[in-house]
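Notes for the one structure printed next.
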Amino acid sequence: MSEPRILLADCDSYFVRCAMLADPEGAGRSELVIVGGSPTGRGVVTSASYAARAFGVHAGMPMATAVRLCPGAVFAPVPGEVVRGKHVEVRAVLDDFSPVVEAASVDEFYLDLTGTELMYHGEPLEQTALRIQREVMERTGISISIGGATGRTLAKIAASVNKPFGVCIVPPGGEAEFMARFPVSDIPGVGPALAESLRRRGVTMVRDLAVQDLATVVSWVGDSRGPWLHRLARGEDGGRVSRRGPQKSVSHERTFPMDISDREELETRLLMLAVETGASLRAEGLRARTVTVRVRYADFTDRSASRTAPEPIESDRAIYAVARELFRELLARRAGGIRLLGVGVSKLGPEQEAEPELFADVEGSGETERDRRLAEASDKLRGKYGRGTLVPARIANRDPKDRHRGRGDSEAES
DNA sequence: TCTGGGGTCCTAGGACCC
DNA sequence: TCTGGGGTCCTAGGACCC
(Lines give C-alpha, C1' and ligand atoms only; values in the text may rest on other atoms or scores of the structure.)
Protein backbone atom coordinates (compact mmCIF):
# COMPACT_ATOMS: atom_id res chain seq x y z
CA MET A 1 0.00 0.00 0.00
CA SER A 2 1.33 3.39 -0.92
CA GLU A 3 1.10 6.24 1.52
CA PRO A 4 -1.96 8.50 1.32
CA ARG A 5 -1.28 11.68 -0.69
CA ILE A 6 -4.04 14.16 -0.01
CA LEU A 7 -4.27 17.77 -1.14
CA LEU A 8 -6.61 20.54 -0.11
CA ALA A 9 -7.04 23.29 -2.71
CA ASP A 10 -8.48 26.39 -1.07
CA CYS A 11 -9.44 29.47 -3.10
CA ASP A 12 -7.87 32.69 -1.79
CA SER A 13 -10.46 35.31 -0.72
CA TYR A 14 -12.76 33.62 -3.18
CA PHE A 15 -15.82 35.86 -2.88
CA VAL A 16 -13.68 38.97 -3.29
CA ARG A 17 -12.06 37.56 -6.41
CA CYS A 18 -15.50 36.68 -7.82
CA ALA A 19 -16.82 40.17 -7.02
CA MET A 20 -13.89 41.68 -8.91
CA LEU A 21 -14.58 39.49 -11.94
CA ALA A 22 -18.30 40.32 -11.73
CA ASP A 23 -17.64 44.07 -11.63
CA PRO A 24 -14.31 44.83 -13.32
CA GLU A 25 -14.93 48.59 -13.42
CA GLY A 26 -15.88 48.84 -9.72
CA ALA A 27 -14.59 46.20 -7.31
CA GLY A 28 -12.15 45.03 -9.98
CA ARG A 29 -10.24 48.31 -9.80
CA SER A 30 -9.94 48.55 -6.05
CA GLU A 31 -7.48 47.03 -3.62
CA LEU A 32 -9.95 47.45 -0.79
CA VAL A 33 -12.91 45.19 -1.44
CA ILE A 34 -15.41 43.92 1.11
CA VAL A 35 -18.08 41.41 0.10
CA GLY A 36 -21.18 40.89 2.21
CA GLY A 37 -24.57 42.28 3.10
CA SER A 38 -25.70 45.84 2.73
CA PRO A 39 -23.29 48.28 4.44
CA THR A 40 -26.21 49.91 6.19
CA GLY A 41 -28.12 46.77 7.10
CA ARG A 42 -27.74 43.95 9.58
CA GLY A 43 -25.51 41.79 7.41
CA VAL A 44 -21.97 40.56 8.02
CA VAL A 45 -18.76 40.42 5.99
CA THR A 46 -18.55 37.32 3.80
CA SER A 47 -15.02 37.98 2.62
CA ALA A 48 -12.52 40.85 2.60
CA SER A 49 -9.51 41.49 0.35
CA TYR A 50 -6.10 41.15 1.98
CA ALA A 51 -5.65 44.92 1.83
CA ALA A 52 -8.96 45.36 3.70
CA ARG A 53 -7.95 42.72 6.25
CA ALA A 54 -5.00 44.93 7.12
CA PHE A 55 -7.60 47.37 8.50
CA GLY A 56 -8.90 44.65 10.83
CA VAL A 57 -11.82 43.60 8.64
CA HIS A 58 -12.57 39.87 8.65
CA ALA A 59 -15.32 37.43 7.66
CA GLY A 60 -18.25 37.31 10.05
CA MET A 61 -17.78 40.88 11.23
CA PRO A 62 -20.89 43.09 11.16
CA MET A 63 -20.89 45.27 8.05
CA ALA A 64 -21.37 48.40 10.13
CA THR A 65 -18.08 47.67 11.88
CA ALA A 66 -16.31 47.03 8.58
CA VAL A 67 -17.52 50.39 7.23
CA ARG A 68 -16.11 52.12 10.27
CA LEU A 69 -12.74 50.34 10.06
CA CYS A 70 -12.33 50.68 6.30
CA PRO A 71 -14.58 53.45 4.96
CA GLY A 72 -12.69 53.72 1.66
CA ALA A 73 -13.46 50.16 0.59
CA VAL A 74 -15.71 49.10 -2.26
CA PHE A 75 -18.63 47.21 -0.73
CA ALA A 76 -19.98 44.52 -3.03
CA PRO A 77 -22.87 42.07 -2.71
CA VAL A 78 -22.20 38.33 -2.95
CA PRO A 79 -21.87 37.64 -6.71
CA GLY A 80 -23.83 34.38 -6.64
CA GLU A 81 -23.67 33.58 -10.33
CA VAL A 82 -19.89 34.05 -10.66
CA VAL A 83 -19.35 32.15 -7.39
CA ARG A 84 -21.18 29.13 -8.78
CA GLY A 85 -19.66 29.45 -12.25
CA LYS A 86 -16.03 29.66 -11.10
CA HIS A 87 -16.62 26.73 -8.75
CA VAL A 88 -17.45 24.57 -11.76
CA GLU A 89 -14.43 25.89 -13.70
CA VAL A 90 -11.96 25.25 -10.87
CA ARG A 91 -13.41 21.81 -10.33
CA ALA A 92 -12.91 20.97 -14.00
CA VAL A 93 -9.18 21.80 -13.78
CA LEU A 94 -8.76 19.73 -10.61
CA ASP A 95 -10.52 16.78 -12.23
CA ASP A 96 -7.71 16.73 -14.78
CA PHE A 97 -5.18 16.10 -12.02
CA SER A 98 -6.88 13.64 -9.71
CA PRO A 99 -9.27 10.72 -10.08
CA VAL A 100 -10.91 11.62 -6.77
CA VAL A 101 -12.01 15.22 -6.13
CA GLU A 102 -14.40 16.21 -3.36
CA ALA A 103 -15.88 19.70 -3.19
CA ALA A 104 -15.95 20.37 0.55
CA SER A 105 -17.55 23.77 0.04
CA VAL A 106 -17.92 26.33 -2.72
CA ASP A 107 -14.24 27.33 -2.41
CA GLU A 108 -12.48 24.19 -1.10
CA PHE A 109 -11.63 20.93 -2.84
CA TYR A 110 -9.95 17.78 -1.56
CA LEU A 111 -7.87 15.75 -4.02
CA ASP A 112 -6.74 12.19 -3.35
CA LEU A 113 -3.57 11.42 -5.29
CA THR A 114 -2.87 8.19 -3.43
CA GLY A 115 -1.44 5.60 -5.78
CA THR A 116 -0.77 8.07 -8.58
CA GLU A 117 3.03 7.99 -8.19
CA LEU A 118 3.52 6.07 -11.44
CA MET A 119 1.15 8.35 -13.31
CA TYR A 120 3.15 11.33 -12.09
CA HIS A 121 6.50 9.60 -12.75
CA GLY A 122 7.54 10.04 -9.13
CA GLU A 123 7.14 13.80 -9.19
CA PRO A 124 7.34 15.20 -5.65
CA LEU A 125 3.90 16.20 -4.30
CA GLU A 126 5.02 19.80 -3.94
CA GLN A 127 5.84 20.03 -7.66
CA THR A 128 2.44 18.56 -8.55
CA ALA A 129 0.73 21.06 -6.26
CA LEU A 130 2.58 23.96 -7.87
CA ARG A 131 1.53 22.80 -11.32
CA ILE A 132 -2.10 22.51 -10.22
CA GLN A 133 -1.96 25.98 -8.74
CA ARG A 134 -0.53 27.50 -11.92
CA GLU A 135 -3.02 25.76 -14.15
CA VAL A 136 -6.01 26.80 -12.06
CA MET A 137 -4.80 30.39 -12.24
CA GLU A 138 -4.23 30.26 -16.00
CA ARG A 139 -7.51 28.61 -16.88
CA THR A 140 -9.86 30.28 -14.35
CA GLY A 141 -8.20 33.42 -12.99
CA ILE A 142 -8.72 32.06 -9.48
CA SER A 143 -5.82 32.01 -7.00
CA ILE A 144 -5.64 28.92 -4.80
CA SER A 145 -3.47 27.78 -1.93
CA ILE A 146 -2.69 24.09 -1.56
CA GLY A 147 -1.91 22.00 1.49
CA GLY A 148 -0.71 18.41 1.27
CA ALA A 149 -0.36 15.62 3.82
CA THR A 150 -1.19 12.00 4.58
CA GLY A 151 -4.64 12.99 5.90
CA ARG A 152 -7.31 15.52 5.07
CA THR A 153 -7.29 17.49 8.30
CA LEU A 154 -3.52 18.04 8.15
CA ALA A 155 -3.79 18.97 4.47
CA LYS A 156 -6.39 21.58 5.38
CA ILE A 157 -4.25 23.08 8.12
CA ALA A 158 -1.25 23.07 5.78
CA ALA A 159 -3.18 25.01 3.14
CA SER A 160 -3.51 27.93 5.53
CA VAL A 161 0.23 28.15 6.20
CA ASN A 162 1.42 29.99 3.09
CA LYS A 163 -1.76 31.82 2.07
CA PRO A 164 -2.36 33.41 -0.37
CA PHE A 165 -1.13 31.56 -3.47
CA GLY A 166 1.01 29.29 -1.34
CA VAL A 167 1.82 25.61 -1.18
CA CYS A 168 2.72 23.66 1.96
CA ILE A 169 3.36 19.93 2.00
CA VAL A 170 3.73 18.08 5.30
CA PRO A 171 6.43 15.42 4.78
CA PRO A 172 5.32 11.87 5.65
CA GLY A 173 6.64 11.13 9.12
CA GLY A 174 6.75 14.83 10.00
CA GLU A 175 3.07 15.09 10.96
CA ALA A 176 3.47 15.31 14.75
CA GLU A 177 6.17 17.92 14.51
CA PHE A 178 4.08 19.91 12.04
CA MET A 179 1.01 19.88 14.31
CA ALA A 180 2.82 20.85 17.50
CA ARG A 181 3.19 24.53 16.54
CA PHE A 182 -0.53 25.28 16.13
CA PRO A 183 -3.05 26.46 18.68
CA VAL A 184 -5.78 23.85 19.16
CA SER A 185 -8.29 26.36 17.80
CA ASP A 186 -6.63 26.01 14.38
CA ILE A 187 -7.86 22.41 14.16
CA PRO A 188 -11.00 22.30 12.01
CA GLY A 189 -13.73 21.05 14.34
CA VAL A 190 -12.32 22.84 17.37
CA GLY A 191 -14.48 25.92 17.69
CA PRO A 192 -14.72 28.58 20.38
CA ALA A 193 -16.57 26.37 22.88
CA LEU A 194 -14.17 23.42 22.73
CA ALA A 195 -11.12 25.70 22.63
CA GLU A 196 -12.32 27.47 25.78
CA SER A 197 -12.97 24.22 27.64
CA LEU A 198 -9.47 23.03 26.75
CA ARG A 199 -7.98 26.37 27.74
CA ARG A 200 -9.51 26.02 31.20
CA ARG A 201 -7.58 22.78 31.49
CA GLY A 202 -4.34 24.51 30.59
CA VAL A 203 -4.31 23.37 26.96
CA THR A 204 -3.88 26.07 24.34
CA MET A 205 -1.42 24.56 21.90
CA VAL A 206 -1.53 21.22 20.11
CA ARG A 207 1.74 20.34 21.81
CA ASP A 208 0.02 20.66 25.21
CA LEU A 209 -2.60 18.21 24.02
CA ALA A 210 -0.15 15.74 22.51
CA VAL A 211 1.36 14.88 25.91
CA GLN A 212 -2.04 13.86 27.38
CA ASP A 213 -3.07 10.22 27.32
CA LEU A 214 -6.19 9.02 25.55
CA ALA A 215 -8.23 8.49 28.73
CA THR A 216 -7.60 12.05 29.84
CA VAL A 217 -8.58 13.58 26.52
CA VAL A 218 -11.71 11.41 26.36
CA SER A 219 -12.67 12.47 29.90
CA TRP A 220 -12.31 16.09 28.81
CA VAL A 221 -14.09 16.15 25.47
CA GLY A 222 -16.20 12.99 25.35
CA ASP A 223 -16.25 9.58 23.68
CA SER A 224 -16.92 10.83 20.21
CA ARG A 225 -14.37 13.63 19.87
CA GLY A 226 -11.78 12.27 22.31
CA PRO A 227 -10.09 9.58 20.21
CA TRP A 228 -10.18 11.82 17.13
CA LEU A 229 -8.59 14.77 18.91
CA HIS A 230 -6.01 12.60 20.69
CA ARG A 231 -4.82 11.07 17.43
CA LEU A 232 -4.79 14.38 15.58
CA ALA A 233 -2.63 16.02 18.26
CA ARG A 234 -0.05 13.31 17.51
CA GLY A 235 -0.26 13.92 13.79
CA GLU A 236 -2.25 10.75 13.16
CA ASP A 237 -4.86 11.73 10.60
CA GLY A 238 -6.99 8.98 9.13
CA GLY A 239 -9.10 11.43 7.14
CA ARG A 240 -9.49 10.44 3.51
CA VAL A 241 -11.34 11.91 0.56
CA SER A 242 -14.78 10.58 -0.26
CA ARG A 243 -17.78 11.45 -2.31
CA ARG A 244 -20.32 13.58 -0.53
CA GLY A 245 -23.51 11.85 0.50
CA PRO A 246 -26.97 13.02 -0.48
CA GLN A 247 -28.25 16.33 0.88
CA LYS A 248 -30.05 16.00 4.21
CA SER A 249 -31.91 19.25 4.60
CA VAL A 250 -33.09 22.31 2.69
CA SER A 251 -33.87 25.62 4.37
CA HIS A 252 -34.37 29.33 3.89
CA GLU A 253 -34.16 31.94 6.60
CA ARG A 254 -34.17 35.71 6.73
CA THR A 255 -33.06 38.33 9.17
CA PHE A 256 -35.36 41.35 9.00
CA PRO A 257 -34.02 44.91 8.75
CA MET A 258 -36.08 45.64 11.88
CA ASP A 259 -37.50 43.25 14.45
CA ILE A 260 -41.12 42.33 13.74
CA SER A 261 -43.80 41.73 16.37
CA ASP A 262 -46.98 41.76 14.27
CA ARG A 263 -48.27 38.20 13.83
CA GLU A 264 -49.92 38.76 10.46
CA GLU A 265 -46.77 40.30 9.10
CA LEU A 266 -44.72 37.41 10.45
CA GLU A 267 -47.03 34.82 8.94
CA THR A 268 -46.72 36.50 5.56
CA ARG A 269 -42.94 36.26 5.88
CA LEU A 270 -43.33 32.64 6.92
CA LEU A 271 -45.35 31.96 3.77
CA MET A 272 -42.64 33.51 1.59
CA LEU A 273 -40.02 31.32 3.24
CA ALA A 274 -42.19 28.20 2.88
CA VAL A 275 -42.57 28.94 -0.83
CA GLU A 276 -38.81 29.42 -1.26
CA THR A 277 -38.08 26.22 0.61
CA GLY A 278 -40.65 24.27 -1.39
CA ALA A 279 -39.18 25.55 -4.66
CA SER A 280 -35.63 24.58 -3.59
CA LEU A 281 -36.83 21.15 -2.46
CA ARG A 282 -38.54 20.42 -5.74
CA ALA A 283 -35.63 21.83 -7.74
CA GLU A 284 -33.51 19.08 -6.16
CA GLY A 285 -36.14 16.51 -7.06
CA LEU A 286 -36.79 15.75 -3.40
CA ARG A 287 -39.64 15.40 -0.95
CA ALA A 288 -39.51 15.81 2.81
CA ARG A 289 -41.16 14.37 5.90
CA THR A 290 -40.03 16.88 8.54
CA VAL A 291 -40.75 20.60 8.62
CA THR A 292 -38.85 22.88 11.02
CA VAL A 293 -39.54 26.51 11.89
CA ARG A 294 -36.82 28.59 13.47
CA VAL A 295 -37.24 31.89 15.27
CA ARG A 296 -34.57 34.24 16.57
CA TYR A 297 -35.74 36.80 19.11
CA ALA A 298 -34.41 40.30 19.52
CA ASP A 299 -32.10 39.11 22.32
CA PHE A 300 -30.55 36.56 19.94
CA THR A 301 -32.03 33.48 21.56
CA ASP A 302 -33.13 30.85 19.07
CA ARG A 303 -36.17 28.61 19.33
CA SER A 304 -37.21 25.91 16.91
CA ALA A 305 -40.12 23.56 16.48
CA SER A 306 -40.40 20.63 14.10
CA ARG A 307 -42.91 18.03 13.08
CA THR A 308 -42.51 14.82 11.13
CA ALA A 309 -45.33 13.68 8.88
CA PRO A 310 -45.96 10.00 8.18
CA GLU A 311 -45.76 10.67 4.43
CA PRO A 312 -43.33 12.90 2.49
CA ILE A 313 -44.58 16.22 1.14
CA GLU A 314 -43.30 18.65 -1.49
CA SER A 315 -45.95 21.33 -2.10
CA ASP A 316 -45.75 24.91 -0.84
CA ARG A 317 -49.22 24.62 0.63
CA ALA A 318 -48.48 21.53 2.71
CA ILE A 319 -45.14 22.91 3.92
CA TYR A 320 -46.74 26.19 4.90
CA ALA A 321 -49.65 24.49 6.67
CA VAL A 322 -47.26 22.64 8.98
CA ALA A 323 -44.97 25.64 9.35
CA ARG A 324 -47.81 27.90 10.45
CA GLU A 325 -48.94 25.47 13.13
CA LEU A 326 -45.39 25.18 14.43
CA PHE A 327 -44.95 28.94 14.31
CA ARG A 328 -48.08 29.49 16.38
CA GLU A 329 -46.82 27.01 18.95
CA LEU A 330 -43.56 28.92 19.16
CA LEU A 331 -45.41 32.23 19.56
CA ALA A 332 -47.52 30.72 22.33
CA ARG A 333 -44.34 29.74 24.17
CA ARG A 334 -42.76 33.15 23.91
CA ALA A 335 -43.90 36.51 22.57
CA GLY A 336 -41.76 39.49 21.61
CA GLY A 337 -39.96 41.05 18.66
CA ILE A 338 -38.57 38.60 16.15
CA ARG A 339 -35.33 39.22 14.30
CA LEU A 340 -35.07 36.11 12.13
CA LEU A 341 -37.51 33.58 10.76
CA GLY A 342 -36.61 30.34 8.99
CA VAL A 343 -38.35 27.38 7.38
CA GLY A 344 -36.51 24.13 6.75
CA VAL A 345 -37.32 20.61 5.63
CA SER A 346 -35.48 17.37 6.34
CA LYS A 347 -35.85 13.60 6.25
CA LEU A 348 -35.57 13.91 2.52
CA GLY A 349 -36.22 11.29 -0.09
CA PRO A 350 -36.47 11.17 -3.85
CA GLU A 351 -39.53 12.48 -5.57
CA GLN A 352 -41.57 9.57 -6.82
CA GLU A 353 -43.40 9.31 -10.06
CA ALA A 354 -46.40 7.44 -8.78
CA GLU A 355 -49.93 6.75 -9.76
CA PRO A 356 -51.92 9.85 -8.84
CA GLU A 357 -54.63 7.86 -7.09
CA LEU A 358 -52.00 6.15 -4.97
CA PHE A 359 -50.95 9.48 -3.52
CA ALA A 360 -54.18 11.38 -3.58
CA ASP A 361 -55.17 12.49 -0.09
CA VAL A 362 -52.63 10.30 1.66
CA GLU A 363 -53.76 9.88 5.21
CA GLY A 364 -51.87 12.16 7.55
CA SER A 365 -49.72 14.03 5.04
CA GLY A 366 -52.34 16.67 4.37
CA GLU A 367 -51.04 16.97 0.84
CA THR A 368 -53.21 16.20 -2.12
CA GLU A 369 -52.40 15.48 -5.73
CA ARG A 370 -53.85 18.89 -6.51
CA ASP A 371 -51.28 20.55 -4.20
CA ARG A 372 -48.44 18.82 -6.00
CA ARG A 373 -49.70 19.74 -9.46
CA LEU A 374 -50.10 23.33 -8.40
CA ALA A 375 -46.53 23.39 -7.09
CA GLU A 376 -45.24 21.83 -10.30
CA ALA A 377 -47.10 24.41 -12.40
CA SER A 378 -45.70 27.33 -10.41
CA ASP A 379 -42.17 25.89 -10.69
CA LYS A 380 -42.56 25.84 -14.47
CA LEU A 381 -43.80 29.42 -14.56
CA ARG A 382 -41.02 30.59 -12.31
CA GLY A 383 -38.48 28.77 -14.45
CA LYS A 384 -39.85 30.42 -17.57
CA TYR A 385 -40.46 33.98 -16.45
CA GLY A 386 -38.21 34.31 -13.44
CA ARG A 387 -38.65 34.35 -9.72
CA GLY A 388 -41.35 36.61 -8.42
CA THR A 389 -43.60 35.85 -11.38
CA LEU A 390 -45.85 33.69 -9.33
CA VAL A 391 -46.25 34.48 -5.68
CA PRO A 392 -49.13 33.53 -3.46
CA ALA A 393 -51.94 36.10 -3.53
CA ARG A 394 -51.24 37.00 0.04
CA ILE A 395 -47.77 38.23 -0.91
CA ALA A 396 -48.72 39.70 -4.29
CA ASN A 397 -51.42 41.86 -2.76
CA ARG A 398 -49.01 43.68 -0.55
CA ASP A 399 -47.41 47.02 -1.28
CA PRO A 400 -44.59 46.37 -3.79
CA LYS A 401 -42.16 48.49 -1.78
CA ASP A 402 -42.96 46.30 1.17
CA ARG A 403 -42.33 43.16 -0.78
CA HIS A 404 -38.78 44.25 -1.38
CA ARG A 405 -37.89 44.83 2.23
CA GLY A 406 -35.99 42.12 4.01
CA ARG A 407 -34.88 40.22 0.97
CA GLY A 408 -31.56 38.42 0.98
CA ASP A 409 -28.34 40.04 -0.08
CA SER A 410 -27.82 37.60 -2.90
CA GLU A 411 -30.91 38.93 -4.59
CA ALA A 412 -29.69 42.51 -4.43
CA GLU A 413 -27.03 41.83 -7.04
CA SER A 414 -29.29 41.48 -10.04
C1' DT B 1 -19.49 46.44 17.07
C1' DC B 2 -24.00 44.09 17.68
C1' DT B 3 -23.92 39.91 15.42
C1' DG B 4 -26.00 36.31 7.57
C1' DG B 5 -27.47 32.16 5.39
C1' DG B 6 -26.72 27.64 4.04
C1' DG B 7 -25.56 23.45 5.77
C1' DT B 8 -23.66 18.98 8.93
C1' DC B 9 -23.18 16.48 13.10
C1' DC B 10 -23.81 15.41 18.08
C1' DT B 11 -26.33 14.94 22.49
C1' DA B 12 -29.97 13.91 25.46
C1' DG B 13 -34.53 12.84 26.96
C1' DG B 14 -38.94 10.69 26.10
C1' DA B 15 -42.05 7.55 23.56
C1' DC B 16 -42.75 3.17 22.09
C1' DC B 17 -41.78 -1.66 21.21
C1' DC B 18 -39.96 -6.22 22.20
C1' DT C 1 -44.04 -5.93 42.78
C1' DC C 2 -42.22 -1.42 41.77
C1' DT C 3 -38.96 -2.14 38.12
C1' DG C 4 -34.59 -5.05 32.99
C1' DG C 5 -32.39 -3.71 28.89
C1' DG C 6 -31.91 -2.63 24.05
C1' DG C 7 -33.27 -0.51 19.72
C1' DT C 8 -35.36 3.05 17.06
C1' DC C 9 -37.66 7.22 16.21
C1' DC C 10 -38.72 11.95 17.27
C1' DT C 11 -37.74 16.57 19.10
C1' DA C 12 -34.94 20.59 20.81
C1' DG C 13 -30.82 22.69 21.27
C1' DG C 14 -26.14 23.66 20.32
C1' DA C 15 -21.37 23.45 18.20
C1' DC C 16 -19.21 23.97 14.14
C1' DC C 17 -17.97 24.94 9.09
C1' DC C 18 -17.59 28.16 4.96
Side-chain angles (χ1 to χ4, degrees), chain A residues 8 10-15 18 35-47 56-70 77-78 80 83-84 87 103-109 152-153 156 159-160 185-197 221-226 228-229 244-257 259 273 276-277 280-281 284 289-310 326 329-330 333-334 339-348 406-412:
Chain A
L8 176 73
D10 186 58
C11 302
D12 301 315
S13 52
Y14 181 61
F15 285 72
C18 289
V35 176
S38 154
T40 54
R42 288 171 137 180
V44 299
V45 174
T46 299
S47 181
V57 178
H58 57 81
M61 167 182 283
M63 278 305 251
T65 312
V67 172
R68 202 173 38 76
L69 291 175
C70 194
V78 172
V83 164
R84 285 185 292 274
H87 174 89
S105 73
V106 76
D107 63 351
E108 280 184 326
F109 304 83
R152 61 187 283 150
T153 304
K156 183 168 166 58
S160 68
S185 56
D186 279 6
I187 298 174
V190 178
L194 184 51
E196 172 57 20
S197 99
V221 308
D223 289 340
S224 114
R225 290 177 306 184
W228 161 78
L229 194 57
R244 307 244 289 174
Q247 192 171 357
K248 301 206 162 149
S249 68
V250 173
S251 67
H252 286 271
E253 60 184 44
R254 198 126 308 151
T255 296
F256 308 124
D259 297 347
L273 289 162
E276 286 175 39
T277 300
S280 299
L281 179 70
E284 297 290 326
R289 283 184 54 218
T290 303
V291 177
T292 302
V293 171
R294 192 153 86 92
V295 158
R296 174 170 291 157
Y297 292 93
D299 67 356
F300 238 73
T301 56
D302 289 353
R303 288 288 175 274
S304 69
S306 55
R307 185 158 304 154
T308 301
L326 293 167
E329 289 168 20
L330 286 169
R333 275 206 268 157
R334 181 181 160 172
R339 165 184 188 97
L340 168 148
L341 199 53
V343 174
V345 289
S346 52
K347 293 198 174 38
L348 307 181
R407 288 184 135 204
D409 300 316
S410 58
E411 293 183 15

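Proteins come first, then strands; the chains are lettered A, B, ... in the order of their sequence lines, and each starts at number 1.
Nucleotide dA15(C) holds its C1' atom 14 Å from the CG atom of Leu229(A), rounded to whole Å. For the pair Asp302(A) CG and dA15(C) C1', the interatomic distance rounds to 12 Å; values are reported in whole Å. Atom CD1 in Ile187(A) sits about 13 Å away from atom P in dC18(C), given to the nearest Å. Rounding to whole angstrom units, CZ of residue Phe109(A) and P of dC18(C) are separated by 14 Å. Look at CZ on Arg303(A): it is 7 Å from P on dG14(C), rounded to the nearest Å. Distance CZ (Arg307(A)) to P (dT11(C)): 8 Å, rounded to an integer number of Å. Taking atom NE2 of residue His58(A) and atom C1' of nucleotide dT3(B), one finds them 11 Å apart after rounding to whole Å. To the nearest angstrom, P of dG4(B) lies 13 Å from CZ of Arg254(A).
A cation-pi arrangement is present between Arg296(A) and Phe300(A) under the rule of less than 6.0 angstrom and at most 45 degrees off the ring axis.
Among the heavy atoms of the strands lying under 4.0 Å from Ala305(A) are primed sugar atoms or P, OP1, OP2 only; no base atom is included. Using a 4.0 Å heavy-atom distance criterion, Leu194(A) is classed as a sugar-phosphate-only contact. The residue Val106(A) sits apart from the nucleic acid: no heavy atom pair falls under 4.0 Å. Among the heavy atoms of the strands, none lies under 4.0 Å from Arg244(A). Using a 4.0 Å heavy-atom criterion, one finds that Val250(A) contacts the sugar-phosphate atoms exclusively. Among the heavy atoms of the strands, none lies under 4.0 Å from Arg225(A). If you check every strand for non-hydrogen atoms under 4.0 Å, Tyr14(A) touches nothing. Ala193(A) comes within 4.0 angstrom of sugar-phosphate atoms only, judged by non-hydrogen atoms across all strands, and of no base.
Side-chain proximity of Arg333(A) to the nucleotides dG13(C), dT11(C), dG5(B) is greatest for dG13(C). Of all nucleotides listed (dT3(B), dG13(C), dC10(C)), dT3(B) comes nearest to the side chain of Pro62(A). When the nucleotides dT3(B), dG13(C), dC10(C) are ranked by their closest atom to the side chain of Val44(A), dT3(B) comes out on top. For Leu340(A), the listed nucleotide lying nearest its side chain is dG5(B); candidates were dC18(C), dG5(B), dT3(B). Among the nucleotides dG4(B), dT1(B), dG5(B), the one closest to the side chain of Glu253(A) is dG5(B).
When both pairing distances are held under 3.5 Å, dT11(B) makes a Watson-Crick or G-U pair with dA12(C). Across all strands shown, the partner of dC18(B) is dG5(C), judged by Watson-Crick or G-U wobble contacts whose two distances both fall under 3.5 Å.
Checking the phosphate oxygens (OP1, OP2) of dT8(B), a side-chain nitrogen or oxygen of Ser249(A) falls inside 4.0 Å. Residue His252(A) places at least one side-chain N or O under 4.0 Å from the OP1 or OP2 atom of dG6(B). Look at Thr308(A) and you'll find a side-chain N or O under 4.0 angstrom from OP1 or OP2 of dT11(C). Dashed line: the shortest gap from a side-chain N or O of Ser306(A) to OP1 or OP2 of dC10(C) is not under 4.0 Å. Considering only side-chain N and O atoms, Arg339(A) lies nowhere under 4.0 angstrom from the phosphate OP1 or OP2 of dC2(B). Contact annotation: Lys248(A) does not reach the phosphate of dG7(B) (side-chain N/O to OP1 or OP2, under 4.0 Å). Taking only side-chain nitrogens and oxygens, Ser105(A) never comes nearer than 4.0 Å to OP1 or OP2 of dG7(B). Side-chain nitrogen and oxygen atoms of Thr46(A) include none within less than 4.0 Å of the OP1 or OP2 phosphate oxygen of dC18(C).
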Step-by-step side chain to side chain contact (heavy atoms under 4.5 Å, CB included) determination, Gln247(A) to Val250(A): CA-CA 8 Å; Gln247(A) 192 171 357; Val250(A) 173; 3.8 Å; yes
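Summary of the strand contacts: Ser224(A) and Val45(A) both lie near DNA chain B, and taking for each the nucleotide with the nearest heavy atom, the more 5' one is attributed to Val45(A). Comparing Leu330(A) and Asp107(A) along DNA chain C, the residue whose closest nucleotide (by nearest heavy atom) sits nearer the 5' end is Leu330(A). Along DNA chain B, the nucleotide nearest Pro246(A) and the nucleotide nearest Arg296(A) are compared for position; the residue whose nucleotide lies closer to the 5' end is Arg296(A).
Using a 4.5 Å cut-off on side-chain heavy atoms (C-beta onward), Leu340(A) and Arg254(A) make no contact. Between Glu108(A) and Tyr14(A) there is no side-chain heavy-atom pair separated by less than 4.5 Å. Contact annotation: the side chain of Thr153(A) approaches that of Pro188(A) to within less than 4.5 Å [non-hydrogen atoms, C-beta and beyond].
Note on Asp299(A) versus Arg334(A): salt bridge recorded, some NZ/NE/NH1/NH2 to OD/OE distance being below 4.0 Å. A salt bridge links Glu329(A) with Arg307(A): at least one charged nitrogen is closer than 4.0 Å to a carboxylate oxygen.
In this structure, a donor-acceptor pair under 3.5 Å is present between the side chains of Thr290(A) and Thr308(A).
As rounded to the nearest Å, dG4(B) and dC17(C) have C1' atoms that lie 14 Å from one another.
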